[in-house]
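Read through the structure below, which is laid out as structure tokens, and then see the notes.
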There are 2 protein chains.
Amino acid sequence: MTYEEFKEKVGSVILTDEGNCPVTPVVQMLQGKWKLQILYELCIKCPMRFGELKKMLKPITNTALTNALKELEADDLIQRIQYNEMPLRVEYSLTLKGQDLLPVFYSIMQWGIKYIP
Amino acid sequence: MTYEEFKEKVGSVILTDEGNCPVTPVVQMLQGKWKLQILYELCIKCPMRFGELKKMLKPITNTALTNALKELEADDLIQRIQYNEMPLRVEYSLTLKGQDLLPVFYSIMQWGIKYIP
DNA sequence: CTGGATCCTTTTAGATACTG
DNA sequence: CAGTATCTAAAAGGATCCAG
């Protein structure tokens, strides 16, 4: 896509909400130190358990992981399922909405490959 | 792109850096309350002057705008050109690297259109 | 006009200990 | 195992005043 094409599309499609950036709210939703990494892990393996995620995101604390997971669930990007076994088991997985972020991740990744050494 | 396709591509292409999310560093770079909005404004109109940007991002303060612009420039996403006229004029524009974010913005936008009411 | 400098408030993240 | 609760540290953001 060229610069002019973008201007044209954005200008007509969604620049209606008082000139605000249509990208910002989405990125706000993904902000925080851990959310994207969690989503990424769930892209690679899904579902995953709490402890499994914690191990992958190594230096993360319980508090941080819990908070991030809660916010992602509140935004309906991931789903939490609790199995009342002994010991307790909880599994997190991407929702359809969350899976729909894959193309976004991929385009970001393509940019990163080009520009991040 | 499907879930499986993503896994395959990501797994082979870039999952080399110790399992860390390849998307995160890019998003880190775009984090902060104002950076994306600035880039977006520059997508719509480029170049723009300091005061012009300030007007578009209405409640922003000088400090916040200055800081965001500096960081964007440090990441080589925008370019600052100063004209020593009287009164002083400074123009900001997207670099090629910055313009290359357009497809990313567009894919985020598509997602937003689908899921944000 | 385009910021710099300073101070202050708010938000976010980390450490530690504890529970069903 | 999967969290909660509480506290502290750090970072981000805002307000105000000043300068080339």
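Numbers restart at 1 for each chain; the letters A, B, ... are given by sequence-line order, proteins then strands. Predicted model, so just to flag it, every value in this text is computed and none were measured. Side chains are part of it too, since the values below use all heavy atoms of this structure and drop only hydrogens, waters and symmetry mates.
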Report the distance from atom CD of Gln37(B) to atom C1' of dG13(D), rounded to the nearest whole Å. 14 Å

Whole angstrom is fine here: how far is it from CD1 in Ile81(B) over to C1' in dC1(C)? 17 Å

For Arg49(B) and Leu88(B), the nearest pair of non-hydrogen atoms, with its separation, is NH2-O, 3.5 Å

Take the protein atom CD of Gln31(A) and the nucleotide atom P of dT12(C), then report the distance between them rounded to whole Å. 9 Å

When all nucleic acid strands are considered with a 4.0 Å heavy-atom cut-off, which category describes Tyr83(A): base, sugar-phosphate, or nothing? nothing

Checking contacts here: which listed nucleotide (dG14(D), dG3(D), dG3(C)) is nearest the side-chain heavy atoms of Ala64(B)? dG14(D)

With a non-hydrogen cut-off below 4.0 angstrom, is Lys54(B) in contact with a base, only sugar-phosphate, or nothing? nothing

Heavy-atom side-chain proximity of Asp100(A) to Trp111(B) below 4.5 angstrom: yes

Whole angstrom is fine here: how far is it from CZ in Phe50(A) over to P in dG20(C)? 17 Å

Would you say a side-chain N or O of Lys70(A) is under 4.0 Å from OP1 or OP2 of dA2(D)? no

Test item: Thr66(A) and Phe50(A) side chains (from C-beta on) under 4.5 Å apart, heavy atoms: yes

Would you kindly compare Arg49(B) and Asn67(B) by the position of their nearest DNA chain C nucleotide and give the one closer to the 5′ end? Arg49(B)

Do Gln31(B) and Gln31(A) have side chains that get closer than 4.5 Å, going by heavy atoms? yes

Tell me: CD of Gln28(B) to P of dA12(D), nearest whole Å? 10 Å

With a 4.0 Å limit, can you tell me whether Arg80(A) has a side-chain N or O closer than that to the phosphate oxygens OP1/OP2 of dA2(D)? no

Verdict with reasoning, Leu101(B) to Ile108(A), per side-chain contact (heavy atoms from CB on, under 4.5 Å): CA-CA 8 Å; Leu101(B) 282 172; Ile108(A) 293 178; over 6 Å; no

Any side-chain N or O of Lys33(A) below 4.0 angstrom from OP1/OP2 of dG14(C)? yes

Met48(B) CE - dC1(C) C1' separation (whole Å): 15 Å

Would you mind reading off the distance between Leu30(B) atom CG and dA12(D) atom C1', rounded to a whole angstrom? 17 Å

Could you pick out which residue, Asn62(B) or Glu91(A), lies toward the 5' side of DNA chain D when each is mapped onto its nearest nucleotide? Glu91(A)

Return yes if the base of dA5(C) and the side-chain atoms of Thr63(B) contain a donor-acceptor N/O pair under 3.5 Å, otherwise no. yes

Atom CH2 of Trp34(B) and atom P of dG3(C): how far apart are they, to the nearest Å? 17 Å

